[in-house]
Amino acid sequence: QLLEPYAGHRYRVQRLLEAHFKGDMGFTPASTERKRDWLSKRLKHRVAHYFAKPVSADEVPVINGDPFTDSQEYPMRFAVNKASVSGSSADVPVRFADAYRNRNVTYRLVRERGAWRLDDLLYEQGETLQGLLK
């Protein structure tokens with residue numbers, strides 16, 4: 001609780017990723033439900049809408065892999081970096097690494113119901129999670 005006012009945005013991303021790395025990292029309704037407390041109202045709505053759409057067994061899903069780490073091969077480690085905060089939003093860059101490569105994902109948070117919550121993910125290629133969920 002003491003960390004929240006000081007560095008709540010970084011702390012929330014750290015805690016979210018610790019929980020993510022401990023469980024199923026696949027993008028499924030069950031795995032996102034376990035992260036529900038960390039997600040914004042808007043992101044929860046978009047995720048629910050994404051999973052409610054019918055999907056053909058012949059098609060590769062729009063999100064094929066883990067959107068939280070931007071990978072199909074789960075990274076071995078991560079580092080939460082210094083955030084940039086503007087009012088009730090914050091961008092928290094996270095560096096993921098495995099034996100072959102490093103990649104960056106920016107966690108975009110919003111202040112909602114008194115806590116920092118994940119509202120979007122920005123990937124190195126310029127895509128966003130919100131954009132992929134449409």
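- In this structure, V80 and Q14 approach most closely via the heavy-atom pair CG2-OE1, 3.4 Å.
- Considering only heavy atoms from C-beta on, L118 comes within 4.5 Å of L16 through its side chain.
- The two residues R117 and L39 make their nearest non-hydrogen contact at CD-O, 3.6 Å.
- Within the 4.5 Å cutoff, side-chain heavy atoms of Q130 are placed close to those of R42.
- Under 3.5 Å, the side chains of D91 and H9 contain no donor-acceptor pair of N or O atoms.
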What do the steps show when you test S89 against S86 for side chain to side chain donor-acceptor pair (under 3.5 Å), and what is the final call? CA-CA 5 Å; S89 65; S86 177; 4.9 Å; no
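- A distance of 8.5 Å separates CG in D37 from CZ in R113, rounded to the nearest 0.5 Å.
- Ring orientation note: the planes of F21 and F96 are close to parallel, at an angle under 30° on the 30°/60° scale.
- A donor-acceptor distance shorter than 3.5 angstrom exists from the side chain of K35 to the backbone of S31, with no hydrogens or angles considered.
- The CZ atom of R46 sits 13.5 Å away from atom NZ of K41, with the distance rounded to the nearest 0.5 Å.
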Can you list the steps and then say if V105 with R95 is a side-chain contact (heavy atoms from CB on, under 4.5 Å)? CA-CA 7 Å; V105 176; R95 182 174 209 67; over 6 Å; no
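- With values rounded to the nearest 0.5 angstrom, S40 atom OG is found 11.0 Å from H45 atom NE2.
- For the pair Y74 (side chain) and D98 (backbone), a donor-acceptor distance under 3.5 Å is absent.
- In summary, R108 and D119 do not engage in a salt bridge, as defined by a charged side-chain N under 4.0 Å from a carboxylate O.
- Side-chain contact between L133 and V47: present, with at least one pair of heavy atoms (C-beta onward) separated by less than 4.5 Å.
- Aromatic ring centroids of F27 and F51 lie under 6.0 Å apart.
- In this structure, a donor-acceptor pair under 3.5 Å is present between the side chains of E124 and N104.
- Judged purely by atom type and a 3.5 angstrom limit, R103 has no side-chain atom pairing as donor or acceptor with the backbone of A97.
- Residues V13 and W116 are not in side-chain contact: their nearest non-hydrogen atoms beyond the backbone lie 4.5 Å or more apart.
- Heavy atoms only, all atoms of each residue included: L132 and E127 are closest at CD2-OE2, 3.9 Å.
- Under a cut-off of 6.0 angstrom, the local environment of CZ in R36 is sparse, with at most 12 non-hydrogen atoms contributed by other residues, nucleotides or ligands.
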Worked check of side-chain contact (heavy atoms from CB on, under 4.5 Å) between L121 and F68: CA-CA 7 Å; L121 297 167; F68 292 93; 4.2 Å; yes
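- Side chain of Y123 to main chain of P67: a donor-acceptor pair is present (N/O by atom type, distance under 3.5 Å, no hydrogens or angles).
- In this structure the side chain of L129 reaches within 4.5 angstrom of the side chain of I63, judged on heavy atoms.
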Report the C-alpha separation of Q125 and D70 in whole Å, then their side-chain angles, then the decisive distance to 0.1 Å, and conclude whether the side-chain contact (heavy atoms from CB on, under 4.5 Å) test is met. CA-CA 10 Å; Q125 313 89 325; D70 190 26; 3.6 Å; yes
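- By the 4.5 Å heavy-atom criterion applied to side chains, P75 and M25 are counted as neighbours.
- Between W38 and R12 the shortest side-chain heavy-atom distance falls below 4.5 Å.
- How far NE2 of H20 is from OG1 of T32: 10.5 Å, rounded to the nearest 0.5 Å.
- Linking Ile, Leu, Val, Met, Phe, Trp and Tyr whenever their side-chain heavy atoms come within less than 4.5 Å puts V92 and F78 in one cluster.
- Note that K134 lies outside the cation-pi zone of Y50, set by a 6.0 Å cut-off to the ring centre and a 45° limit from the axis.
- The 12-atom threshold is exceeded at CZ of R34, counting heavy atoms of other residues, nucleotides or ligands nearer than 6.0 Å.
- Using modelled atom types, no side-chain atom of D66 and backbone atom of G26 make a donor-acceptor pair closer than 3.5 Å.
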